2 protein chains.
Amino acid sequence: MKFSRTSQRRVILSELRKLKSHPTADDLYTIVREKLPQISLGTVYRNLDQMAAAGIIQKLELSGRQKRFDGNVEKHYHMRCPHCGAVKDVENERLADVENILSDVLDELGADSFWIEFTGHCKDCNKAEAGLV
Amino acid sequence: MKFSRTSQRRVILSELRKLKSHPTADDLYTIVREKLPQISLGTVYRNLDQMAAAGIIQKLELSGRQKRFDGNVEKHYHMRCPHCGAVKDVENERLADVENILSDVLDELGADSFWIEFTGHCKDCNKAEAGLV
DNA sequence: CCGTTTTTAGTAATGATTACTATTTTTAAA
DNA sequence: TTTAAAAATAGTAATCATTACTAAAAACGG
Ligand SMILES: [Mn+2]
Ligand SMILES: [Mn+2]
Ligand SMILES: [Zn+2]
Ligand SMILES: [Zn+2]
């Protein structure tokens with residue numbers, strides 16, 4: 001019930017916070033093993049889930065097969081590339097208006113929360129499709 | 001490449017169209033087996049995927065473990081109950097405004113599409129939590 | 001009909017995640 | 001510091017949803 005301070009949890013969190021790539025659990029497993037070669041995949045999953053439940057990190061349940069994790073717990077949005085699967089942060093002033101409207105919609109519906117996600121080709125995949133790479 | 005007319009496909013589609021519950025593939029498998037006891041789960045998955053690819057039905061890649069299917073191909077939104085997992089259609093006039101803004105946001109981001117989903121307790125689970133059931 | 005294409009049932013395989021368990025580590029109190 | 005309880009771990013097994021494979025059957029188009 002209470003968090004212990006373990007090297008596993010510390011390294012998982014610090015590696016996640018270094019990344020802007022929204023890694024999956026096994027992406028992190030690969031990265032963390034360079035510091036802690038003995039760590040098990042189950043430990044990575046367990047710690048990520050615990051930290052997400054505690055609000056220390058975010059678990060992104062985007063469409064697609066694997067869940068992704070985000071060290072940035074502020075409310076923000078993501079775009080997934082349908083070609084390579086990359087997930088990028090999205091910024092746009094108008095999203096504040098969307099949030100305001102949806103906040104009213106939540107009240108009217110008696111709903112608790114909303115989720116928005118975008119799909120679109122990332123820079124690299126755009127270049128590739130244009131034959132530039 | 002071309003669709004053959006099979007009883008399996010016909011029954012899957014007609015049963016899906018009767019439902020407003022956004023069933024999973026195995027929900028439909030259970031239902032369809034009453035008409036076609038020999039059908040296999042793989043056939044249900046394959047036909048649902050094919051029909052979704054052809055735009056005859058919708059595949060909902062909501063967060064959560066299983067994919068769900070919708071006989072209604074019009075653009076509309078859904079709310080998932082975090083307690084029982086039920087998925088219901090959502091209607092609200094203000095969503096048109098959200099769509100308009102997001103359509104501009106798509107252009108500005110160079111994105112292709114957006115997805116919105118809501119979370120909120122359904123009627124039954126609200127009653128249950130209020131101790132009325 | 002008849003050769004070709006598509007689909008099927010049944011089963012095996014896959015991939016992501018979760019569960020189990022004996023052992024180790026951490027914690028907090030004595 | 002010692003120590004008993006609580007939490008976490010590595011390693012492994014199990015689960016769940018989905019996809020892949022395959023030989024046989026059905027649908028198609030002429
Ligand atoms: Mn992010
Ligand atoms: Mn619907
Ligand atoms: Zn890409
Ligand atoms: Zn409910």
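Proteins come first, then strands; the chains are lettered A, B, ... in the order of their sequence lines, and each starts at number 1. In what follows, every heavy atom counts, from backbone to side chain, and hydrogens, waters and symmetry copies are set aside. For clarity, every value in this text was computed on a predicted model and none was experimentally measured.
- For the pair A:Q50 CD and C:dT18 P, the computed distance is 12 Å after rounding to whole Å.
- Between A:D89 and A:K20, none of the side-chain N atoms (NZ, or NE/NH1/NH2) sits under 4.0 Å from a carboxylate O, so this pair counts as no salt bridge.
- Distance CZ (B:R46) to P (C:dT6): 13 Å, rounded to an integer number of Å.
- For the pair A:R5 and A:F3, the cation-pi test (distance below 6.0 Å, angle within 45°) is failed.
- Taking 4.0 Å as the cut-off between side-chain N and carboxylate O, A:E108 and B:R94 count as a salt-bridged pair.
- Here C:dT8 presents its C1' atom at 20 Å from NZ of B:K35, a figure rounded to the nearest Å.
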Worksheet entry | Stepwise salt bridge (Lys or Arg N to Asp or Glu O under 4.0 Å) check, B:K35 with B:E15 | CA-CA 10 Å; B:K35 298 254 166 77; B:E15 292 302 318; 2.8 Å; yes

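- Between B:Q66 and D:dA17 there is a side-chain N or O to OP1 or OP2 distance below 4.0 Å.
- A straight line from CG of B:L48 to C1' of D:dT18 spans 12 Å, rounded to a whole angstrom.
- For C:dT17, the OP1/OP2 oxygens have a side-chain nitrogen or oxygen of A:Y45 closer than 4.0 Å.
- The side chain of A:R65 places no N or O atom within less than 4.0 Å of a non-bridging phosphate oxygen (OP1 or OP2) of D:dT18.
- The CZ atom of B:R68 sits 16 Å away from the C1' atom of D:dT18 (whole-angstrom rounding).
- The side chain of B:S40 sits closest to C:dG10 out of C:dT7, C:dG10, C:dA16.
- Among A:K67, A:R9, A:K59, the single residue meeting the salt bridge (charged side-chain N to carboxylate O under 4.0 Å, His left out) criterion with A:D49 is A:K59.
- The nearest whole Å value for the distance from the CG atom in B:L41 to the P atom in D:dT18 is 9 Å.
- Of the candidate nucleotides C:dT18, D:dG11, C:dT17, C:dT18 has the atom lying nearest to any side-chain atom of A:D49.
- Listed candidates were C:dT18, D:dA10, D:dT18. Nearest to the side chain of A:I39 is D:dA10.
- For C:dA28, one of the phosphate oxygens OP1 or OP2 lies less than 4.0 angstrom from a side-chain nitrogen or oxygen of A:K2.
- Counted by atom type alone, A:Y45 and A:Q50 present zero donor-acceptor pairs between their side chains at under 3.5 Å.
- The separation between A:N47 atom CG and C:dT26 atom P is 13 Å, rounded to whole Å.
- For residues 3-33 of chain A, proximity to DNA chain C is found at A:S4, A:R5, defined as any non-hydrogen atom under 4.0 angstrom from a strand atom.
- Comparing C:dT17, D:dG29, D:dT18 by their nearest atom to the side chain of B:K67 picks out D:dT18.
- Just one of B:E99, B:E117, B:K88 meets the side chain to side chain donor-acceptor pair (under 3.5 Å) condition when paired with B:Y77; it is B:E99.
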